[in-house]
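In what follows, a structure is listed as structure tokens, so that the remarks can point back to it.
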Amino acid sequence: MTQTNPLAVARSYIDLWNEADDAGRKARLAESWAVGARYVDPIMSGEGHDSLATMIAGARAHFPGHSFSLRGTPDGHGSFVRFSWSLAPERGEPVAGGTDIVTLDDQGLIASVIGFLDSAPA
């Protein structure tokens, strides 16, 4: 069973979503996500590095000048990590927030993410 460092996994995940450079985003995906990794939340989904990179780029384009941050302390057990996040403009109030559940594969790479929106923009 995979042993996790929930804080390291959550920080890596948040850093990916905050990566502004397309090439940098693809490099982060290759480094910490399984090739066939899947992501799904109530608004979007993707599978595989290219699809995930495009999905994240679209979310970033929809919220220019915003960044993600961890909310609270990530926790986990075995191959699962759970953490909450906020999306806010620089020096502004959050416009969205959620809780994500990450599943890691046997190599410790992100294999899947199920996202739940705790609050979303209107």
Side-chain angles (χ1 to χ4, degrees):
M1 181 175 281
T2 302
Q3 295 300 311
T4 63
N5 178 333
L7 183 57
V9 171
R11 282 183 177 161
S12 173
Y13 177 93
I14 293 294
D15 289 347
L16 169 67
W17 282 82
N18 286 331
E19 177 61 61
D21 179 68
D22 288 337
R25 195 173 310 113
K26 288 180 180 179
R28 287 180 186 274
L29 281 163
E31 178 181 291
S32 58
W33 289 60
V35 172
R38 298 182 65 206
Y39 175 96
V40 63
D41 72 22
I43 298 173
M44 60 187 159
S45 64
E47 183 172 352
H49 290 176
D50 289 341
S51 175
L52 295 168
T54 299
M55 180 191 74
I56 294 169
R60 291 186 49 76
H62 192 73
F63 293 99
H66 290 64
S67 62
F68 291 88
S69 61
L70 287 176
R71 195 174 73 225
T73 303
D75 65 350
H77 64 86
S79 61
F80 301 99
V81 175
R82 174 181 65 175
F83 57 90
S84 295
W85 52 267
S86 295
L87 174 66
E90 188 175 339
R91 293 187 288 281
E93 292 297 314
V95 298
T99 299
D100 290 357
I101 310 294
V102 171
T103 303
L104 302 173
D105 68 11
D106 290 340
Q107 279 68 54
L109 300 174
I110 294 175
S112 68
V113 177
I114 300 173
F116 296 87
L117 298 177
D118 301 331
S119 61

(message) Once side chain to side chain donor-acceptor pair (under 3.5 Å) is applied, do any residues pair with S67, and if so which ones, sequence neighbours excluded?
(response) none

Do you know the tightest heavy-atom contact between [X] and [Y]?
X: L70; Y: A10; answer: CD2-CB, 3.7 Å
X: I14; Y: F68; answer: CG2-O, 3.5 Å
X: S51; Y: G46; answer: OG-CA, 3.4 Å

(request) Return the set of residues passing ring pair (Phe, Tyr, Trp, His ring centres under 6.0 Å) with H49 (not counting sequence neighbours), or none when no residue passes. (result) none

Starting from [Y], can I reach [X] by hopping between I/L/V/M/F/W/Y residues whose side chains sit under 4.5 Å apart?
X: F63; Y: L16; value: yes
X: I43; Y: I56; value: yes
X: F116; Y: V81; value: no
X: V40; Y: L87; value: no

(message) Determine whether L104 and V9 satisfy the following criterion, side-chain contact (heavy atoms from CB on, under 4.5 Å), listing intermediate values before the conclusion.
(response) CA-CA 9 Å; L104 302 173; V9 171; 4.1 Å; yes

Show the atom names and distances, to 0.1 Å, of all donor-acceptor pairs under 3.5 Å that link a side chain in residues 23-36 to residues at least two apart or in another chain.
{"residue": "R25", "atom": "NE", "partner": "E19", "partner atom": "O", "Å": "3.2"}
{"residue": "R25", "atom": "NH1", "partner": "D22", "partner atom": "OD1", "Å": "2.7"}
{"residue": "R25", "atom": "NH2", "partner": "E19", "partner atom": "O", "Å": "2.9"}
{"residue": "R25", "atom": "NH2", "partner": "A20", "partner atom": "O", "Å": "3.3"}
{"residue": "R28", "atom": "NE", "partner": "E19", "partner atom": "OE1", "Å": "3.0"}
{"residue": "S32", "atom": "OG", "partner": "R28", "partner atom": "O", "Å": "3.0"}

(request) Would you please test M44 and Y39 for side-chain contact (heavy atoms from CB on, under 4.5 Å) and show each step? (result) CA-CA 8 Å; M44 60 187 159; Y39 175 96; 4.2 Å; yes

(message) Run L7 and T73 through side-chain contact (heavy atoms from CB on, under 4.5 Å) and show every step you take.
(response) CA-CA 7 Å; L7 183 57; T73 303; over 6 Å; no

(message) Could you work out, with salt bridge (charged side-chain N to carboxylate O under 4.0 Å, His left out) as the rule, every residue matching D41, not counting sequence neighbours?
(response) none

(message) Rounded at 0.5 Å granularity, tell me how far OG in S79 sits from CG in L109.
(response) 12.5 Å

(message) Are more than 12 heavy atoms, taken from residues, nucleotides or ligands other than R38, located less than 6.0 Å from that residue's CZ atom?
(response) no

Name each donor-acceptor pair under 3.5 Å that joins a side chain in residues 89-103 to protein atoms two or more places apart or in another chain, with its distance.
{"residue": "T99", "atom": "OG1", "partner": "S84", "partner atom": "OG", "Å": "2.8"}
{"residue": "T99", "atom": "OG1", "partner": "D118", "partner atom": "OD2", "Å": "3.0"}
{"residue": "D100", "atom": "OD1", "partner": "W85", "partner atom": "NE1", "Å": "3.2"}
{"residue": "D100", "atom": "OD2", "partner": "Y13", "partner atom": "OH", "Å": "2.4"}
{"residue": "D100", "atom": "OD2", "partner": "W85", "partner atom": "NE1", "Å": "3.4"}
{"residue": "T103", "atom": "OG1", "partner": "S112", "partner atom": "OG", "Å": "3.4"}

(message) Looking at W17, is its backbone amide N or carbonyl O close enough to the side chain of R60 to form a donor-acceptor pair, meaning the two atoms are under 3.5 Å apart?
(response) yes

(request) Any salt bridge (Lys or Arg N to Asp or Glu O under 4.0 Å) involving residues 5-17? Give me the pairs, sequence neighbours left out, ordered by first then second residue. (result) none

